Asker: 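Structure incoming, see below.
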Amino acid sequence: ESLYMGNCIVGSNPILSAKFSTIRINYFTMRNLFLVLMLFVLNPIFAQQEIATDTIASDSLYREDQFYFNFTYNNLYKKPALLTQNQFSAGLSGGFLRDMPINKDRTLAIAAGIGYSYSGYNTNLLLTQTATGQINYQIAPQTTNYSKNKLALHHIEIPLEFRWRNSTANNHRFWRVYTGFKISYLLNSTYTFTSPSSEITIKNNPDLNKISYGATLAAGWNTWNIYVYYGLNTLFKNTQIGTENLNVKTINIGLQFYIL
């Protein structure tokens, strides 16, 4: 068949037919090359947009300080005049806190969680138990020779915190100030007295308050944070030394560390 091109019949002219075939091949080749180049140009742009979108989505969901650990010195206050602490009364606690940011920059948050705590108190408060199970309290005489006089408490704790920090999604070194409240439930207790002439062990003293609560503060930079727990209720309930009520409370001061 013949193809008309202007006033010329291509099919009847071998030279024009060959030129037309060459033009057609070059056209299709250039078009395919253009499509390939466009794919190379546009693909990185779309990829960058996807990465940026993923980054924004990831950044908008970041959380901070969800696992905690602290080491404290346990100090008793509101104690009878003759009651003293000796040696080092240490405390340890750790647990998980769910961080829940409440502003767009995620610098303000509330957190709630659960943890475990151990508290030890080395004092001169001497406990004895009668055959009927009644526990008596007195201050150990200064002439008493003993190597151990310790009360150990184990709690499940529920901390609540209101948090401020100047963190960002990519910056894990920042200032923080966390205030809060903590409620603790006493799992078990052990009192131990050891002297050359006697040994006393009292487990799960019913005179201890099962529920403890108090205010907390953690503040610092990066890894190092000062931690304070201020107990608001007494360790013992309806307990006396002689005629004086035993209304001791605790202030725990130490260091708190956060991860993740």
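Starting from 1, each residue takes its place in the sequence as its number. What you see below is based on every heavy atom in this structure, not just the backbone, and it leaves out hydrogens, waters and symmetry mates. Here the structure is a predicted model, which means the values were calculated and not measured.
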Asker: Roughly how far, to the nearest 0.5 Å, is the CG atom of Asn205 from the OG1 atom of Thr190?
Answerer: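 Thr190 atom OG1 to Asn205 atom CG measures 10.5 Å (nearest 0.5 Å).
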
Asker: Does Asn209 reach the side chain of Leu186, with side-chain heavy atoms less than 4.5 Å apart?
Answerer: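 No, side chains not in contact.
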
Asker: Between atom CG of Asn149 and atom OG of Ser195, what is the distance when rounded to the nearest 0.5 Å?
Answerer: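 The OG atom of Ser195 is 10.0 Å from CG of Asn149, to the nearest 0.5 Å.
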
Asker: How far apart are the closest heavy atoms of Leu160 and Ala112, and which atoms are they?
Answerer: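 Looking at all heavy atoms of both residues, the shortest contact is CD2-CB, 3.6 Å.
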
Asker: Taking Arg165 first and then Asp105, would you say they form a salt bridge - that is, a charged N and a carboxylate O separated by under 4.0 Å?
Answerer: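 Here Arg165 does not pair with Asp105 in a salt bridge, since their nearest N and O are not under 4.0 Å apart.
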
Asker: Using a 4.5 Å cut-off on heavy atoms from C-beta on, say whether the side chain of Ile156 contacts that of Ile114.
Answerer: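 With C-beta onward as the side chain, the pair touches.
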
Asker: Taking the six-membered ring for Trp, is the centroid-to-centroid distance between Phe67 and Phe257 below 6.0 Å?
Answerer: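 Centroid distance Phe67-Phe257: not below 6.0 Å, so no.
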
Asker: Without hydrogens or angle criteria, can the side chains of Ser167 and Tyr62 be said to hold a donor-acceptor pair below 3.5 Å?
Answerer: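 On atom types as modelled, these side chains qualify, holding a pair under 3.5 Å.
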
Asker: If I compare all heavy atoms of Gln256 with all of Asn70, which pair ends up nearest, and what's the gap?
Answerer: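 Taking every non-hydrogen atom into account, OE1-ND2, 2.8 Å.
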
Asker: Could you go through Thr234 and Asn247, starting from their C-alpha distance and side-chain angles, then the distance that decides it, and tell me whether this counts as side-chain hydrogen bond (donor to acceptor under 3.5 Å, both in side chains)?
Answerer: CA-CA 6 Å; Thr234 60; Asn247 293 326; 5.2 Å; no

Asker: Is the Lys NZ or Arg CZ of Lys150 less than 6.0 Å from the centre of Tyr191's six-membered ring, within 45° of the axis?
Answerer: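 Cation-pi check for Lys150 and Tyr191: fails.
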
Asker: Can you run down the salt bridge (charged side-chain N to carboxylate O under 4.0 Å, His left out) pairs that involve residues 229-253, sequence neighbours left out, and say none if there aren't any?
Answerer: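 Listed by first then second residue: nothing to list.
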
Asker: Roughly how far, to the nearest 0.5 Å, is OG1 of Thr107 from CZ of Arg176?
Answerer: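 One gets 13.5 Å once the value is rounded to the nearest 0.5 Å.
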
Asker: Using a distance-only test with no angle check, is there a side-chain donor-acceptor pair under 3.5 angstrom linking Tyr185 and His155?
Answerer: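 Short answer, no.
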
Asker: For a quick check under 3.5 Å, do Thr72 and Asn74 share a side-chain donor-acceptor pair by atom type?
Answerer: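 Note: Thr72 and Asn74 side chains meet the donor-acceptor criterion.
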
Asker: As a test of understanding, state which of Ile200, Thr201, Asn136, Ile135 forms a side-chain contact (heavy atoms from CB on, under 4.5 Å) with Gln129.
Answerer: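 Exactly one pass, corresponding to Ile135.
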
Asker: Which residues satisfy the salt bridge (charged side-chain N to carboxylate O under 4.0 Å, His left out) test with Glu161, sequence neighbours excluded?
Answerer: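 Per chain and number, Glu161 pairs via salt bridge (charged side-chain N to carboxylate O under 4.0 Å, His left out) with Arg163.
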
Asker: For the atom pair CG (Leu92) and OG (Ser117), what is the distance rounded to the nearest 0.5 Å?
Answerer: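 These two atoms lie 9.5 Å from each other.
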
Asker: Between Arg106 and Arg63, does the side chain to side chain contact (heavy atoms under 4.5 Å, CB included) criterion hold? Intermediate values first, please.
Answerer: CA-CA 8 Å; Arg106 304 179 83 79; Arg63 302 176 191 273; 4.1 Å; yes

Asker: Out of curiosity, does Leu108 fall in the hydrophobic cluster containing Ile110 (side-chain heavy atoms, cut-off under 4.5 Å, transitive links)?
Answerer: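 Linked, Ile110 and Leu108 end up in one cluster.
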
Asker: Looking at Trp224, I'd like to know if its CH2 atom is crowded, meaning that more than 12 non-hydrogen atoms belonging to other residues, nucleotides or ligands lie closer than 6.0 Å.
Answerer: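 No, because the 6.0 Å sphere around CH2 of Trp224 holds 12 heavy atoms or fewer from other groups.
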
Asker: Which atom names give the shortest non-hydrogen contact between Asn222 and Arg173, and what distance separates them?
Answerer: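 So the two residues come closest at ND2-NH1, 3.2 Å.
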
Asker: What do you reckon, are the aromatic ring centroids of Tyr77 and Tyr230 less than 6.0 Å apart?
Answerer: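 Ring centroids of Tyr77 and Tyr230 are less than 6.0 Å from each other.
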
Asker: How far does CZ of Phe174 sit from CG of Asn166, to the nearest 0.5 angstrom?
Answerer: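 Rounded to the nearest 0.5 Å, the CZ-CG separation comes to 8.0 Å.
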
Asker: Return yes when atom CG of Leu232 has more than 12 non-hydrogen atoms of other residues, nucleotides or ligands closer than 6.0 Å, and no otherwise.
Answerer: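 Above 12, so yes.
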
Asker: May I ask you to decide if Phe69's main-chain N or O and Tyr258's side chain share a donor-acceptor pair within less than 3.5 Å?
Answerer: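 Side chain of Tyr258 to backbone of Phe69, a donor-acceptor pair under 3.5 Å: no, none is there.
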
Asker: Between Ser93 and Tyr68, is the side chain to side chain contact (heavy atoms under 4.5 Å, CB included) condition met? List the steps.
Answerer: CA-CA 8 Å; Ser93 72; Tyr68 69 93; 4.1 Å; yes

Asker: Do the side chains of Ile241 and Tyr121 join up, straight or via other hydrophobic residues, at under 4.5 Å, putting them in one cluster?
Answerer: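 Same cluster.
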
Asker: For Asn145 and Thr143, indicate whether the former's side chain and the latter's backbone hold a donor-acceptor pair under 3.5 Å.
Answerer: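 No; judged by distance alone, with no hydrogens or angles, the pair does not exist.
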
Asker: Applying side chain to side chain contact (heavy atoms under 4.5 Å, CB included) to Asn75 and Ile253, what does each step give before you reach the verdict?
Answerer: CA-CA 8 Å; Asn75 180 57; Ile253 302 173; 5.9 Å; no

Asker: Evaluate Ser89 against Gln85 for side-chain hydrogen bond (donor to acceptor under 3.5 Å, both in side chains), listing each step before the verdict.
Answerer: CA-CA 8 Å; Ser89 297; Gln85 291 180 253; 3.2 Å; yes

Asker: Kindly indicate whether the side chain of Asn188, heavy atoms from C-beta on, has any atom under 4.5 Å from the side chain of Leu153.
Answerer: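 When only atoms from C-beta onward are counted, Leu153 and Asn188 do not touch, as no gap falls below 4.5 Å.
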
Asker: Between Tyr146 and Asn124, do the side chains contain an N or O donor and an N or O acceptor separated by less than 3.5 Å?
Answerer: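 There is no such pair between these side chains.
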
Asker: Is it true that, when you exclude Asn238 itself, more than 12 heavy atoms of the residues, nucleotides or ligands shown sit nearer than 6.0 Å to its CG?
Answerer: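 No - once you tally the heavy atoms of other residues, nucleotides and ligands closer than 6.0 Å, there are 12 at most.
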
Asker: When the ring centroid of Trp164 is compared with that of Tyr178, is the distance short of 6.0 Å?
Answerer: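 Not close enough - the centres of the two rings lie 6.0 Å or further apart.
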
Asker: Check the surroundings of atom NZ in Lys78: do more than 12 heavy atoms from other residues, nucleotides or ligands lie under 6.0 Å from it?
Answerer: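 Open.
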
Asker: Shared ILVMFWY cluster between Leu83 and Leu127, side chains joined below 4.5 angstrom?
Answerer: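 Yes: a chain of side-chain contacts under 4.5 Å links Leu83 to Leu127.
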
Asker: Quick one: does Asp65's side chain get under 4.5 Å of Leu260's, heavy atoms only?
Answerer: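 The answer is no; the side chains never approach within 4.5 Å.
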
Asker: Minimum heavy-atom separation for Tyr229 to Gly214, with atom names?
Answerer: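 Shortest heavy-atom separation between Tyr229 and Gly214 comes out as OH-N, 3.4 Å.
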
Asker: Between Phe236 and Tyr137, how do the two ring planes meet: parallel, tilted or perpendicular, split at 30° and 60°?
Answerer: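 Phe236 and Tyr137: perpendicular rings.
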
Asker: Does a side-chain heavy-atom distance below 4.5 Å link Phe193 with Ser198?
Answerer: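 Yes - at least one pair of side-chain heavy atoms lies under 4.5 Å apart.
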
Asker: Regarding Asn252 and Thr250, is there a side-chain donor-to-acceptor distance under 3.5 Å anywhere?
Answerer: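 Present: a donor and an acceptor within the cut-off.
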
Asker: Honestly curious: do Phe96 and Ile259 fall in one hydrophobic cluster under the side-chain, below-4.5 Å linking rule?
Answerer: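 Yes.
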
Asker: Would you check if Ile211 and Ser184 make a side-chain contact, meaning some heavy-atom pair closer than 4.5 Å?
Answerer: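 In short, these two side chains do not touch, never coming nearer than 4.5 Å.
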
Asker: Is it the case that the side chains of Gln240 and Asn245 hold a donor-acceptor pair, with the cut-off being a distance below 3.5 Å and no angle test?
Answerer: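 Present: a donor and an acceptor within the cut-off.
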
Asker: Could you pull out the closest heavy-atom pair between Phe71 and Ala90, with the gap in Å?
Answerer: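 That would be CE1-CB, 4.3 Å.
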
Asker: Apply the test side chain to side chain contact (heavy atoms under 4.5 Å, CB included) to residues His154 and Ser189: give CA-CA distance (whole Å), side-chain angles for both, the deciding distance (0.1 Å), then the verdict.
Answerer: CA-CA 6 Å; His154 301 267; Ser189 67; over 6 Å; no

Asker: Quick one: do Leu76 and Ile139 end up in the same hydrophobic cluster if we chain Ile, Leu, Val, Met, Phe, Trp and Tyr together by side-chain heavy atoms under 4.5 Å apart?
Answerer: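 Same cluster: Leu76 reaches Ile139 through Ile, Leu, Val, Met, Phe, Trp or Tyr contacts under 4.5 Å.
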
Asker: About how many Å separate CG of Leu208 and CG of Leu151, when rounded to the nearest 0.5 Å?
Answerer: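 Interatomic distance, Leu151 CG to Leu208 CG, rounded to 0.5 Å: 6.0 Å.
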
